[in-house]
Amino acid sequence: MEEKLSGIVLGGVPFSENDKILSIFTLERGVVSAKIKGVKKAGAKLKFASEPFCFVEYIISKKGNFNTVIGASLIDSFYPIREDVVKYFCAGAVVEFVKKFYREDIISAETFIECANALKEIAYGERNPKEALAKFLVLALETAGYALTEKCCYGCAGEITDRVYFDYRRGAFFCEDCFDGVGREINFITYQTIKNIKEKELIVDGQGVDKALRLLDYYIENKAEESIISLKELIKICA
């Protein structure tokens, strides 16, 4: 059986002398594994279809539970990602999040669109690529069931205007009056940046984005018990 799948390359591992097994995040079937032949040879016709981050329309032959790429058309290579170390780690964190949170054949059209949009913004956007990553993580966490409750104080539902506290267990932010001792105080700019992301406002403060990424890293590791290595490396090089 053959089928067309629109997919983003999450990564690949060597298989035999010249082949690879790809991990592809597809719109139609979620994450799938597929063998692609001959792509380690110089000048291989389908080499582009095995490169990380590439957005490709695949033709896949399926026999039982085994998938083989037999044809491909490039939609977007997001090539500028490969020319800038910050963009590279931002994009790496996007695809790594998908690998960690979406197992084989778990379909999420919403996350697929968020992933494609994030890679496009990281590659071609005029603003800091870290903004696109922070936006992706906030939206993708919500889709994956780890939403942050940033619109108002979790305790009184009032607006937070000064000191703010975060409890990773509930993904919740509290004002000073409602803080019950569970969690920790965070910088107000961190909270405001995450709130702006969700409200789709422009983010112009680079310091706020860096702080937001550190909080998101902390939240992912402690709440979801996952570690996004590319995100950690990005935080190190931008410190």
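Heavy-atom basis, side chains included; hydrogens, waters and symmetry copies ignored. None of these values were measured; they are calculated from a predicted model.
- A heavy-atom distance below 4.5 Å is not found between the side chains of K99 and V31.
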| task | Test S108 against T143 for side chain to side chain contact (heavy atoms under 4.5 Å, CB included), laying out the working first. | result | CA-CA 8 Å; S108 176; T143 305; 3.7 Å; yes
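- Put simply, the side chain of Y124 reaches to within 4.5 Å of the side chain of D76, judged on heavy atoms.
- Note that the NZ atom of K195 and the CD1 atom of I160 stand 7.5 Å from one another [nearest 0.5 Å].
- A salt bridge links D180 to R170: one of the charged nitrogens lies within less than 4.0 Å of a carboxylate oxygen.
- Looking only at side-chain heavy atoms (C-beta outward), L5 and I24 stay at 4.5 Å or farther from each other.
- Not a single donor-acceptor pair under 3.5 Å links the side chain of K62 to the backbone N or O of M1.
- Between the S230 side chain and the C90 main chain, no donor and acceptor come within less than 3.5 Å of each other.
- Among all heavy-atom pairs drawn from K47 and V39, the shortest one is NZ-O, 3.3 Å.
- I36 and L10 sit in two unconnected hydrophobic clusters of ILVMFWY residues. Membership requires side-chain heavy atoms under 4.5 Å apart, directly or through other members.
- Residues T26 and I60 form no side-chain contact, since every pair of their non-hydrogen atoms from C-beta on lies 4.5 Å or further apart.
- In summary, E96 and K100 engage in a salt bridge, as defined by a charged side-chain N under 4.0 Å from a carboxylate O.
- The closest side-chain heavy-atom distance from L137 to L213 is below 4.5 Å.
- Side-chain heavy atoms closer than 4.5 Å link hydrophobic residues (I, L, V, M, F, W, Y) into clusters, and following such links, possibly through other members, connects V85 to V209.
- Follow the hydrophobic side-chain contacts under 4.5 Å out from V94 and you reach L27 in the same cluster.
- Y58 and N67 are not linked by any side-chain donor-acceptor pair at a separation below 3.5 angstrom, with hydrogens and angles left out of the test.
- Two residues are said to be in side-chain contact when any heavy atoms from C-beta on lie closer than 4.5 Å; R184 and Y218 meet this criterion.
- Contact detail for F48 and S73: the closest heavy-atom pair is CE1-C, 4.1 Å.
- The cationic atom of R163 (NZ for Lys, CZ for Arg) does not lie both less than 6.0 Å from the six-membered ring centre of F179 and within 45° of the ring axis.
- Listed for the K20 side chain is no donor-acceptor partner under 3.5 Å among the backbone atoms of V13.
- Here the straight-line distance linking atom CG of D19 with atom NZ of K37 works out to 7.5 Å at 0.5 Å rounding.
- Considering only residues two or more places apart in sequence or on other chains, F78 meets the ring pair (Phe, Tyr, Trp, His ring centres under 6.0 Å) condition with none of them.
- The structure places CD of E150 at 8.0 Å from CD1 of I194, a figure rounded to the nearest 0.5 Å.
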| Audit row: Y146, I220, side chain to side chain contact (heavy atoms under 4.5 Å, CB included) steps and yes/no | CA-CA 9 Å; Y146 297 95; I220 290 168; over 6 Å; no
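- Applying the ring-ring contact (aromatic ring centres under 6.0 Å, His included) test between F53 and each of F25, Y88, Y79 identifies Y88 as the sole match.
- The two atoms that bring A91 and L119 nearest to each other are CB-CD2, 3.7 Å, heavy atoms only.
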| field | Chi angles and distances behind the side chain to side chain donor-acceptor pair (under 3.5 Å) call for N196, Q192 | value | CA-CA 6 Å; N196 285 351; Q192 190 64 54; 3.1 Å; yes
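- Test Y165, Y191, Y154 against F174 for ring-ring contact (aromatic ring centres under 6.0 Å, His included) and you get one pass: Y154.
- Both V86 and F97 sit in one connected hydrophobic cluster of ILVMFWY residues. Membership requires side-chain heavy atoms under 4.5 Å apart, directly or through other members.
- F55 and L74 get closest at one heavy-atom pair: O-CD1, 3.7 Å.
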| query | Step by step, would you call Y219 with Y168 a ring pair (Phe, Tyr, Trp, His ring centres under 6.0 Å)? | reply | CA-CA 6 Å; Y219 180 56; Y168 77 83; 7.6 Å; no
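- F89 has its side chain out of reach of L133: every pair of non-hydrogen atoms, C-beta onward, lies at least 4.5 Å apart.
- Side-chain contact between V164 and T190 is absent, with no heavy atoms from C-beta onward closer than 4.5 Å.
- Counted within 6.0 Å of NZ on K35, heavy atoms from surrounding residues, nucleotides or ligands total more than 12; the atom is thus considered enclosed.
- Of all heavy-atom pairs between T111 and F136, the closest is O-CE1, 4.4 Å.
- Side-chain contact check for E51 and S77: no donor-acceptor pair (N or O, by modelled atom type) lies under 3.5 Å.
- Residue-environment remark: CD (E17) stays at or below the threshold of 12 foreign heavy atoms within 6.0 Å.
- Between atom SG of residue C115 and atom CD1 of residue I8 there is a gap of 4.0 Å, rounded to the nearest 0.5 Å.
- Atom-to-atom distance recorded for K232:NZ and I228:CD1 is 9.0 Å, nearest 0.5 angstrom.
- Here the straight-line distance linking atom NZ of K87 with atom CG of N128 works out to 10.0 Å at 0.5 Å rounding.
- Side-chain atoms of E28 come within 3.5 Å of backbone atoms of S6 as a donor-acceptor pair (strictly under, hydrogens ignored).
- The two residues V9 and V95 make their nearest non-hydrogen contact at O-CG1, 4.3 Å.
- A continuous path of ILVMFWY side-chain contacts below 4.5 Å connects V56 to L22, so both sit in one hydrophobic cluster.
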